[in-house]
Enquirer: 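Structure in structure tokens, see below.
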Amino acid sequence: MPRVLLLHTGGTLGMAGGRPSALRPAAFFKTLRKRAPELFQLADIELELFCNVDSSEMQPELWSRMAAHLHQRLSHFDGAVVTHGTDTLAHTASALSFMLRNPPCPVVLTGSQRPLGEIRSDARLNLIDAVLSALQGPREVTICFDSHLYRGNRTRKVKVAEYDAFESPNFPVLGTLGVDATFEPGLKARGPFRLFERLDSRVFLLKVYPGLDPALPLQLLPHVKGFVVEAYGAGNFPIDPELGRSLRPLFTQARERGVPVLVVSQAHRNGVDLSLYESGAAALAEGAVGAADMTPSAALVKLMQGLAYHPNSPEALTRFLQTPVAGELTVGRLTVPPPSPARRRNARSARAK
Ligand code: ASP
């Protein structure tokens, strides 16, 4: 029998209770043996409890410990399944994908919208599909959910109360688990299996919104090592000084203080192109880095890792942020169509008025 490691970390999948009381982490392995005994016909499954928390409690220190643990254990198995809450599943999958480079077997994260102990739970099928993906899927860190296998660092949680909770807006699925299960080859190993478990979590994720007082993020600058700015569309934010809320000083002062700024998009599809509009161009001129089509979760974790491994070299950090390490971004494709010449002319004449 093939061997699969099942590492439980918590989440709704293993919770009990529910209305009128709150859902709480519960004894998962007992429920697993009772509700999904057929799982043990697919593989010789070794159960390990890593932690048992709502995934809102997941923190960078836990990612590092989890990666180090998996790094030690993976070579003894044909595949691994990590059970996890859905709320921060995309963050943890991103972290593991950056920390476990060239894994020797598939590492599949899964969770569910309803606890395994409930009759209409999606947990049983997600678990079965995750084990199958751990045996037959690509050797990389993935998320298996609602009959699909996604590249972990490309996913977003998009739904709270429906079973198809995840999407991978900028990258095709790596597997479809319908009547038949089919998988894509996934990432090619580029070197030995290595662990990069260090992170510097002193970063801030700033979402741009109409009304944002630029003085607020400026006050944070002395306290952070890096900023992720979740900007509008292609990487836009206000820069008109006359309208009073320009964020340009944030980019200028960040550069002066040596605080790197990575710009991601609030839009789910396509990505950041800082050369397209004036504000993006201003950010570029101040040394900001566009995150292309990375998700905000992946960008945040990647910046944490970049800061830990390239603390003294802005050039090396920029290169690291712009180069895919686990298929997390698309390189060399203009992800946003350029405006037509007519739109450029209109914008120029509007500014002249
Ligand atoms: N709050 C839960 C968690 O992330 C949600 C879930 O698992 O679906 O742990």
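Here the structure is a predicted model, which means the values were calculated and not measured.
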Enquirer: Determine whether Phe28 and Met66 fall in the same hydrophobic cluster, where Ile, Leu, Val, Met, Phe, Trp and Tyr are linked whenever their side-chain heavy atoms lie under 4.5 Å apart.
Expert: no

Enquirer: Report the distance from atom CG of Leu177 to atom CD1 of Ile128, rounding to the nearest 0.5 Å.
Expert: 11.0 Å

Enquirer: Taking it one step at a time, do Asp293 and Thr330 satisfy side-chain hydrogen bond (donor to acceptor under 3.5 Å, both in side chains)?
Expert: CA-CA 6 Å; Asp293 55 359; Thr330 311; 2.4 Å; yes

Enquirer: Show the nearest heavy-atom pair for residues Phe166 and Thr86, with the distance to one decimal.
Expert: CZ-O, 3.5 Å

Enquirer: Inspect the contact between Arg156 and Glu167 and indicate whether a charged nitrogen and a carboxylate oxygen are less than 4.0 angstrom apart.
Expert: no

Enquirer: Return the minimal non-hydrogen interatomic distance between Asp200 and Lys225, and the atom names on each side.
Expert: OD2-CG, 3.9 Å

Enquirer: Output the distance between atom NZ (Lys157) and atom OG (Ser297), rounded to the nearest 0.5 Å.
Expert: 12.0 Å

Enquirer: Taking 4.0 angstrom as the limit, do Asp54 and Arg24 come out as a salt bridge?
Expert: no

Enquirer: Treating Ile, Leu, Val, Met, Phe, Trp and Tyr as nodes and any side-chain heavy-atom pair under 4.5 angstrom as an edge, say whether Leu220 and Val263 lie in one connected cluster.
Expert: yes

Enquirer: Once rounded to the nearest 0.5 Å, what's the spacing between atom CG of Leu116 and atom CG of Asp122?
Expert: 9.5 Å

Enquirer: Search all heavy atoms of His268 against all heavy atoms of Asn170 and return the closest pair with its distance.
Expert: O-ND2, 3.2 Å

Enquirer: Minimum heavy-atom separation for Pro217 to Leu247, with atom names?
Expert: CG-CD2, 4.3 Å

Enquirer: Establish whether Leu274 and Leu303 are linked, either directly or via other cluster members, by ILVMFWY side-chain heavy-atom contacts under 4.5 Å.
Expert: no

Enquirer: Just distance, no hydrogens or angles: give the donor-acceptor pairs under 3.5 Å from side chains in residues 42-53, sequence neighbours left out.
Expert:
{"from": "Glu46", "atom 1": "OE1", "to": "Arg3", "atom 2": "NH2", "distance (Å)": "2.6"}
{"from": "Glu46", "atom 1": "OE2", "to": "Arg73", "atom 2": "NH2", "distance (Å)": "2.7"}
{"from": "Glu48", "atom 1": "OE1", "to": "His69", "atom 2": "NE2", "distance (Å)": "2.5"}
{"from": "Glu48", "atom 1": "OE2", "to": "Arg73", "atom 2": "NE", "distance (Å)": "2.9"}
{"from": "Glu48", "atom 1": "OE2", "to": "Arg73", "atom 2": "NH2", "distance (Å)": "2.8"}
{"from": "Asn52", "atom 1": "OD1", "to": "His8", "atom 2": "NE2", "distance (Å)": "3.4"}
{"from": "Asn52", "atom 1": "ND2", "to": "Ala26", "atom 2": "O", "distance (Å)": "2.9"}

Enquirer: What is the minimum heavy-atom distance between Leu300 and Leu205, and which atoms define it?
Expert: CD1-CB, 3.9 Å

Enquirer: Are Leu216 and Val203 connected into the same hydrophobic cluster when the rule is that any two of I, L, V, M, F, W, Y join if their side-chain heavy atoms are below 4.5 Å apart?
Expert: no

Enquirer: Is a salt bridge present between Glu38 and Arg124, judged by a nitrogen-to-oxygen distance below 4.0 Å?
Expert: yes

Enquirer: Decide yes or no on salt bridge (Lys or Arg N to Asp or Glu O under 4.0 Å) for Asp240 and Arg245, but give the supporting numbers first.
Expert: CA-CA 7 Å; Asp240 189 333; Arg245 288 203 176 90; over 6 Å; no

Enquirer: Name every donor-acceptor pair, under 3.5 Å, that has one atom in a side chain of residues 97-108 and the other anywhere in the protein, sequence neighbours excluded.
Expert:
{"from": "Ser97", "atom 1": "OG", "to": "Ser94", "atom 2": "O", "distance (Å)": "2.8"}
{"from": "Ser97", "atom 1": "OG", "to": "Asn153", "atom 2": "ND2", "distance (Å)": "3.0"}
{"from": "Arg101", "atom 1": "NE", "to": "Phe98", "atom 2": "O", "distance (Å)": "2.8"}
{"from": "Arg101", "atom 1": "NH2", "to": "Phe98", "atom 2": "O", "distance (Å)": "3.4"}
{"from": "Arg101", "atom 1": "NH2", "to": "Gln305", "atom 2": "OE1", "distance (Å)": "2.9"}
{"from": "Asn102", "atom 1": "OD1", "to": "Arg190", "atom 2": "N", "distance (Å)": "2.8"}
{"from": "Asn102", "atom 1": "ND2", "to": "Arg190", "atom 2": "O", "distance (Å)": "3.3"}
{"from": "Asn102", "atom 1": "ND2", "to": "Gly191", "atom 2": "O", "distance (Å)": "3.3"}
{"from": "Asn102", "atom 1": "ND2", "to": "Pro192", "atom 2": "O", "distance (Å)": "3.1"}

Enquirer: May I ask whether Val82 and Val4 are part of the same hydrophobic cluster, defined by side-chain heavy atoms of I, L, V, M, F, W, Y residues being less than 4.5 angstrom apart, directly or through others?
Expert: no

Enquirer: Output yes when a side-chain donor or acceptor of Thr176 lies under 3.5 Å from a complementary backbone atom of Thr182, and no otherwise.
Expert: no

Enquirer: So which residues get pulled into Met1's cluster when ILVMFWY side chains under 4.5 Å apart are joined, directly or through others?
Expert: none

Enquirer: Apply the test ring pair (Phe, Tyr, Trp, His ring centres under 6.0 Å) to residues Tyr309 and Phe196: give CA-CA distance (whole Å), side-chain angles for both, the deciding distance (0.1 Å), then the verdict.
Expert: CA-CA 9 Å; Tyr309 285 91; Phe196 292 84; 5.5 Å; yes

Enquirer: Can you see which heavy atom on Val208 is nearest to which on Gln266, and at what distance?
Expert: O-NE2, 2.7 Å

Enquirer: Look at the aromatic rings of His71 and Phe193 and report parallel, tilted or perpendicular, splitting at 30° and 60°.
Expert: tilted

